[in-house]
Amino acid sequence: MTSHSVEQPVGISPALRRRILGALGLVLALVLVYFLLTAFIPRWWAQRVASMSGHGSFSRGIWSGLALGFVCTLAPLLILLFAVTIWGKRAGRFLAGAAAVVAIVTALPNLMTLSIVLGTTNAAHAGERVLDVDAPGFRGATLTAAIVAAVVFALVVFAVLRGRFRTRHPGRRPTEQRAQSVGTQQDVHDTTRESIARHADDGHPQS
């Protein structure tokens, strides 16, 4: 008795093939967008900063850097903090996602400045030359303001965490103080009793 085995060809299903092609297309599109942005954004943003800074005004370059550095650092951090606080609430994930998008958009000026400072492309070098000539002091002022904004954010986080701790444990510290007070009074009473007993033994020696 002979058996015939029917071998089915093994291949990629059409649905999986479409997903792979779609993923490759998305990756290729993202790479193209990245190269286009790195070739365009640094030079374009440097020209916008030069316009805000009065094309060479040292004072306006510093003030524009301070304003953008502070606002575009503190605002995204506060928005992200809001997203974290509402994550576990009703519709919190949707609102947190929307807040994260808003935070990224708000931080774009600092991110574009960072693309000039840390960039290695010709557009980034061209942007650096534009900032050096037409927006003096902008980059240093932006960095200083960003550090100050980070410190302010840290203080805000500390205040929020401290307020939550006090809300969750409103009577913890007074209770501990009362317990310590009761313990101190009990120690005083015990000491007084021992002193009285000692004096009584000294005055009436046992035979």
Side-chain angles (χ1 to χ4, degrees), residues 1-53 64-65 67-135 138-143 145-147 149-150 153-154 156-157 160:
M1 182 176 178
T2 60
S3 61
H4 298 280
S5 60
V6 179
E7 297 182 356
Q8 296 180 354
V10 179
I12 301 176
S13 63
L16 182 59
R17 186 182 297 110
R18 286 194 298 268
R19 291 181 181 180
I20 294 175
L21 292 177
L24 292 177
L26 178 61
V27 171
L28 180 60
L30 291 176
V31 171
L32 291 176
V33 170
Y34 170 77
F35 282 108
L36 289 175
L37 291 180
T38 54
F40 170 74
I41 290 296
R43 186 180 286 108
W44 174 85
W45 177 241
Q47 293 173 354
R48 303 286 77 75
V49 172
S51 300
M52 288 187 297
S53 303
S64 58
L68 287 177
F70 186 82
V71 174
C72 296
T73 300
L74 182 60
L77 291 176
L78 292 177
I79 295 173
L80 290 177
L81 178 62
F82 169 76
V84 172
T85 56
I86 65 172
W87 177 263
K89 298 181 181 180
R90 185 177 182 181
R93 293 188 177 181
F94 172 78
L95 294 176
V101 174
V102 174
I104 294 174
V105 173
T106 309
L108 280 179
N110 282 349
L111 294 177
M112 289 187 290
T113 303
L114 196 64
S115 70
I116 297 175
V117 175
L118 301 181
T120 58
T121 61
N122 293 330
H125 295 319
E128 287 182 347
R129 291 191 293 270
V130 172
L131 293 182
D132 290 337
V133 176
D134 294 332
F138 175 81
R139 285 174 291 179
T142 301
L143 177 60
I147 294 174
F153 175 73
V156 171
V157 172
V160 171

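Counting begins at 1 with the first residue of the sequence. Reckoned from all heavy atoms, side chains included, excluding hydrogens, waters and symmetry mates.
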- request: Give the minimum heavy-atom separation between F70 and A145, together with the two atoms involved.
  value: N-CB, 3.4 Å

query: Once you round to the nearest 0.5 Å, how far does CH2 of W45 lie from CG of L131?
result: 10.0 Å

statement: Those residues at least two apart in sequence (or on a different chain) that pass side-chain hydrogen bond (donor to acceptor under 3.5 Å, both in side chains) with D132 are R139

query: With side chains defined as the heavy atoms from C-beta onward, is the minimum distance between T113 and F138 less than 4.5 Å?
result: yes

field: Spatial distance of atom CG (L108) from atom CG (L114) [nearest 0.5 Å]
entry: 12.0 Å

query: If you round to the nearest 0.5 Å, how far is CZ of R43 from CG of N122?
result: 7.5 Å

- prompt: Taking everything shown except R48 itself, do over 12 heavy atoms lie less than 6.0 Å from its CZ?
  reply: yes

message: Looking at every heavy atom in both I104 and L111, which two are closest together, and how far apart are they?
response: O-CD1, 4.5 Å

- line: Taken to the nearest 0.5 Å, the spacing of I116 CD1 from W44 CH2 works out to 10.0 Å

query: Do K89 and L95 touch side chain to side chain, with heavy atoms closer than 4.5 Å?
result: no

message: Nearest 0.5 angstrom please: L80 CG to T106 OG1, how far?
response: 9.0 Å

- request: Kindly indicate, with the supporting measurements, whether the criterion side chain to side chain contact (heavy atoms under 4.5 Å, CB included) is fulfilled by F153 and T73.
  value: CA-CA 9 Å; F153 175 73; T73 300; over 6 Å; no

task: Give the minimum heavy-atom separation between A124 and S115, together with the two atoms involved.
output: CB-O, 3.8 Å

- line: With sequence neighbours left out, the residues meeting side-chain hydrogen bond (donor to acceptor under 3.5 Å, both in side chains) with T142 are none

message: Measuring only between side-chain heavy atoms, which start at C-beta, is L28 closer than 4.5 Å to L24?
response: no

statement: When every non-hydrogen atom of A50 is compared with those of V130, the smallest separation belongs to CB-CG1, 4.1 Å

query: Looking only at heavy atoms, what is the nearest atom pair of P42 and A123, with distance?
result: CB-O, 3.6 Å

statement: Looking only at heavy atoms, the pair that brings M52 and L68 closest together is CE-CD1, 3.6 Å

query: Roughly how far, to the nearest 0.5 Å, is CD1 of I86 from CZ of R93?
result: 12.5 Å

